[in-house]
2 protein chains.
Amino acid sequence: MALEHALLVSLSERPGTGIELTRRFDRSIGFFWRATHQQIYKVLRRMEDDGWLEATAGDSRSTERRYAVTDAGRAALETWIAMPTRTAAMRSEVAVKMRGASYGDRTALLDHLRHLIGEHRTRQAHFERLEREQFPRPAELAGQRLDTWLVLRGGIKQEQFWVEWLSEYVEAWVGSETLAGARSSTSETEGEA
Amino acid sequence: MALEHALLVSLSERPGTGIELTRRFDRSIGFFWRATHQQIYKVLRRMEDDGWLEATAGDSRSTERRYAVTDAGRAALETWIAMPTRTAAMRSEVAVKMRGASYGDRTALLDHLRHLIGEHRTRQAHFERLEREQFPRPAELAGQRLDTWLVLRGGIKQEQFWVEWLSEYVEAWVGSETLAGARSSTSETEGEA
DNA sequence: GCGGGTTGTGCAACTAGTTGCACAGTGGGG
DNA sequence: CCCCACTGTGCAACTAGTTGCACAACCCGC
């Protein structure tokens, strides 16, 4: 589980309250690790019990808690970063659907894929805007700032991957009005059988 | 959950036993949906109870069961394929580590990233070989064969994404002996502080 | 002061997946 | 025939994450 480590990274960058962390996970960190507030609060409590975090009173209300990383937490994060990482299993519903489109409504799927392409393009454009605004001079970056930029680059590349792949699929089935059109006609006949 | 749907797709392509499906999920389907045998057997049973699959005796032993999709299963798959798919949350431990490298052993992480790059390159080469062997003439593909090829294309692009991103990260920190070398020297100093 | 809406924190039921382990059927060798 | 190794099926404990809901503190308007 890396949520606790994602929290350690985020709190190492800047101490914060449960709700601030929730917002970070809805936004910037959420590109590479997403978490709900329920889970964040639960894991924060456990990390505090384990001695990785210390909590002080927050500012905005009596129940608010502000967390910071302890020396033990810092050590745990350091250890984890050096550990080998297993390659995560890929699981994509969209891919299952594309593979099984012959057994379903291909037209509906293609429409939906076009919609998803739009979403991925929007997200890519958003990341690219962030990149321009926050990292106008990447060649001058160093330290943790360089890391943050490079991870944002990953976000951009990931969205590009989705746009390319989904577009290739759609174009293969719809594509241009000439060659692909002939293919599309053939395949629809097969689908009916 | 899409395991049941991935199973419907796989069994629609070709009926099979639990162990055959397990092998398919270790190999070709595993690129876009991975599952353990324990999970597969559990879900197969449930799908049979729900009327989506029918089981007959297998060939290799008295306990072996061979599954095929029922009309109800076909209908369920068709419905699911036409449904909108929510964009899955991205969660990458490697990304968390890259973002938090300043708080850990960056040298160890960079070594590990180089290893991962090698793994992704190997997997990409494997997918590309499959592509050449099984789909020597992609322009002539149609129907379900075209889908299978296009999904394999996604596998190749996904590995390319990882190779590119991880390589960009490593090169930014190590890179060429000139410009990036100067940066690398600066950042190590920061890391010690 | 009161009521209503907002907000920070958190409980709990549930799901999907992981991991360790187990049983029994099968085949082959001694 | 017996024993051992392999193999197909499956149980169960556990984990991480999702979703619905809840409580209480806080603020603002009447």
Side-chain angles (χ1 to χ4, degrees), chain A residues 1-8 11 15-27 29-30 32-50 52-53 55-67 80 85-93 96, chain B residues 1-8 10-11 15-27 29-30 32-50 52-53 55-67 80 85-93 95-96:
Chain A
M1 174 182 72
L3 175 54
E4 65 202 15
H5 297 107
L7 283 167
L8 282 176
L11 289 171
T17 63
I19 195 63
E20 284 174 22
L21 288 161
T22 298
R23 292 202 184 102
R24 290 184 211 170
F25 277 79
D26 282 340
R27 291 208 243 90
I29 307 185
F32 56 90
W33 205 276
R34 283 231 313 251
T36 61
H37 81 265
Q38 294 100 323
Q39 212 188 359
I40 289 169
Y41 283 109
K42 183 159 54 169
V43 173
L44 284 174
R45 281 291 186 155
R46 198 174 62 206
M47 291 164 74
E48 188 187 352
D49 293 343
D50 291 347
W52 286 9
L53 303 180
T56 53
D59 299 329
S60 84
R61 63 175 61 199
S62 62
T63 50
E64 194 176 58
R65 301 163 69 73
R66 176 166 297 275
Y67 294 93
W80 179 72
T85 306
R86 292 194 349 196
T87 306
M90 155 88 157
R91 287 194 176 90
S92 165
E93 287 196 12
V96 178
Chain B
M1 172 183 73
L3 175 54
E4 64 199 16
H5 298 107
L7 284 166
L8 283 175
S10 193
L11 289 170
T17 63
I19 196 62
E20 285 173 21
L21 288 162
T22 298
R23 292 202 186 101
R24 290 183 212 173
F25 277 79
D26 282 339
R27 291 207 245 88
I29 308 184
F32 56 89
W33 205 276
R34 284 228 315 247
T36 61
H37 80 266
Q38 293 99 323
Q39 211 186 3
I40 290 170
Y41 284 110
K42 182 157 58 167
V43 173
L44 285 175
R45 282 293 183 149
R46 198 174 61 204
M47 291 165 74
E48 188 188 353
D49 292 344
D50 290 349
W52 285 10
L53 303 182
T56 53
D59 301 328
S60 83
R61 65 175 59 199
S62 64
T63 52
E64 193 175 62
R65 301 163 68 72
R66 175 166 297 276
Y67 295 92
W80 179 72
T85 306
R86 296 201 336 205
T87 306
M90 154 87 161
R91 286 194 178 90
S92 165
E93 287 194 8
V96 178

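Quick note on labels: first sequence line is chain A, next is B, and so on, each numbered from 1. No experiment lies behind these values; they were computed from the predicted model shown.
Residues from residues 38-45 of chain A with heavy atoms under 4.0 angstrom of DNA chain D, sorted by number: A/Q38, A/Q39.
Within 4.0 Å (heavy atoms only), A/R23 reaches sugar-phosphate atoms of the nucleic acid but no base atom. Counting any heavy atom pair closer than 4.0 Å across all strands shown, A/R66 reaches no nucleic acid atom. Within the 4.0 angstrom heavy-atom criterion, base atoms lie near A/T36.
Taking B/S92 as the reference, nothing meets the side-chain hydrogen bond (donor to acceptor under 3.5 Å, both in side chains) condition, with sequence neighbours excluded. In this structure B/R61 satisfies the side-chain hydrogen bond (donor to acceptor under 3.5 Å, both in side chains) test with no other residue, sequence neighbours excluded. Legend: residues meeting salt bridge (Lys or Arg N to Asp or Glu O under 4.0 Å) with A/R65, ordered by chain and number and at least two apart, are A/E48.
When all heavy atoms are compared, the tightest approach of B/L44 to B/Y67 is CD1-CE1, 3.5 Å.
Each side chain to side chain donor-acceptor pair (under 3.5 Å) pair with one or both residues in residues 17-27 of chain B, not counting sequence neighbours, appears once here: B/S10-B/R24, B/E20-B/R66.
Classified by interplanar angle (parallel below 30°, tilted 30° to 60°, perpendicular above 60°), the ring pair B/W80/B/H5 is parallel.
With A/L53 as the fixed residue, the side-chain contact (heavy atoms from CB on, under 4.5 Å) test singles out one of A/R46, A/M47, A/R45: A/M47.
With a cutoff of under 4.0 Å to any heavy atom of chain A, the contacted region of DNA chain C is bounded 5' to 3' by C/dT7 to C/dT19.
Nearer the 5' end of DNA chain D, as judged by each residue's closest nucleotide, is the contact made by B/I19, out of B/R91 and B/I19. Each of A/R61 and B/H37 lies near DNA chain D, and the nucleotide nearest B/H37 is the one positioned closer to the 5' end.
Between A/S60 and D/dC26 there is no side-chain N or O to OP1 or OP2 distance below 4.0 Å.
Annotation: the span from B/M90 atom CE to A/W33 atom CH2 amounts to 9.5 Å, rounded to 0.5 Å. Between atom CZ of residue A/R91 and atom CZ of residue B/R34 there is a gap of 7.0 Å, rounded to the nearest 0.5 Å.
For B/R65 against D/dT9, a side-chain-to-base donor-acceptor contact under 3.5 Å is absent.
Between B/L53 atom CG and D/dT9 atom C1' the separation is 16 Å, expressed in whole Å.
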